[in-house]
Amino acid sequence: MGILARTFYNRDTVTVARELLGKCLVHVEQGSRRVGRIVEVEAYVGPHDKASHSSKGMTARNAPMFGPPGIAYVYMIYGMYYCMNVVTGPEGFASAVLLRAVEPVEGITGRTQGPGLLCRAMGIAKQMNRHDLMSDELFIAEDRADEFKIVKRPRIGVDYAGAWAKRHLRFYIAGNAFVSRQ
DNA sequence: CTCGGGATGCGT
DNA sequence: CGCATCCCGAGG
């Protein structure tokens, strides 16, 4: 499998988000491998994005977003779920792509639609925060290069973000059964 | 230190 | 719509 290089992530966040669709998220742990094909993402495009955790500057929680491209930003939400992002753009420019849903490919039990369920099913929790996606424990790789249409919609759960809540920064594979809230 | 709320998901 | 459940970030 071809692991995506850091140069892949060191680009415009929307471009990275769209190109992550159809790629495979891989988590290897104690010899077992879990693979999911990414079917739904959201772009959090920078500190000017009012829906982004980085919009109020660097804090203990969002510090990974300010780090180099190609690392994971994993945080706990509502006391019971984790959400995984991949950090994009140049180091210091706090932007990321939230992984919202994958289609099970290998070693996955449980549901994978929605960022919280995705992390649960893939075994991704706090231990993966700041983890480098150039590693062989957690990475994203090329899959088959099939054709699909990309749907653009407003992001989920960011109504507090004013005009930014209306921007079409959620992307998913049209018609895919594992997309959340379709 | 307290306190309010959240890039969720599930049941009613 | 309510709620589980907890960490974070703001404010005193």
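Just so we're on the same page: letters track the sequence lines, and every chain starts at 1.
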Note: A/R130 and A/P64 closest approach over all heavy atoms is CG-CG, 3.7 Å

Output a table of donor-acceptor pairs, distance under 3.5 Å, between side-chain atoms of residues 89-99 of chain A and any protein atom two or more places apart or on a different chain; print 'none' if there are none.
residue : atom : partner : partner atom : Å
A/S95   : OG   : A/T13   : OG1          : 3.2
A/S95   : OG   : A/T88   : O            : 3.1
A/S95   : OG   : A/T88   : OG1          : 2.8

When A/L20, A/T112, A/V35, A/I124 are each screened for side-chain contact (heavy atoms from CB on, under 4.5 Å) with A/L25, the one that passes is A/I124

(request) Tell me whether the OP1 or OP2 atom of C/dG9 has a side-chain N or O from A/R61 closer than 4.0 Å. (result) yes

- Item | Side chain A/D49, main chain A/S55, donor-acceptor under 3.5 Å | no

Distance col, row A/N85:CG vs A/Y44:OH, nearest 0.5 angstrom, shows 8.0 Å

Within residues 75-95 of chain A, those residues having any heavy atom closer than 4.0 Å to DNA chain C are A/M76, A/Y78, A/G79, A/M80

Expected list for residues 174-182 of chain A: side-chain donor-acceptor pairs under 3.5 angstrom, two or more places apart:
residue : atom : partner : partner atom : Å
A/N176  : OD1  : A/F178  : N            : 2.8
A/N176  : ND2  : A/E103  : OE1          : 2.9
A/S180  : OG   : A/E40   : OE1          : 3.0
A/S180  : OG   : A/E40   : OE2          : 3.1
A/S180  : OG   : A/R100  : NH2          : 3.2

Next on the checklist: Do A/D12 and A/T15 pair up side chain to side chain, a donor and an acceptor below 3.5 Å, judged on atom types alone?
Outcome noted: yes

Writing each nucleotide of DNA chain C 5' to 3' as (, ), [, ], | or . by Watson-Crick or G-U pairing under 3.5 Å yields ||||.||||||.

To the nearest 0.5 Å, atom OG of A/S135 lies from atom NE2 of A/H27 at 8.5 Å

**Request:** Using a 4.0 Å heavy-atom cut-off across all strands, classify A/A60 as base, sugar-phosphate, or nothing.
**Result:** sugar-phosphate

Chain A vs DNA chain B, heavy-atom contacts under 4.0 Å, first-to-last nucleotide span, 5' to 3', is B/dG6 to B/dC10

CZ (A/R61) and OG (A/S54) are apart, to the nearest 0.5 Å, by 10.5 Å

Could you run down the sub-3.5 Å N/O contacts of the protein with nucleotides 10-12 of chain C?
none

Closest non-hydrogen atoms of A/I71 and A/P68, given as atom of the first, atom of the second and distance, are CG1-O, 3.4 Å

In short, A/F171 meets A/A17 closest at the heavy-atom pair CD1-CB, 4.1 Å

TODO: Answer yes or no: is there a donor N or O on one side and an acceptor on the other, between the side chain of A/Y160 and the main chain of A/A51, under 3.5 Å?
DONE: yes

Looking only at heavy atoms, the pair that brings A/F8 and A/V16 closest together is O-CG2, 3.4 Å

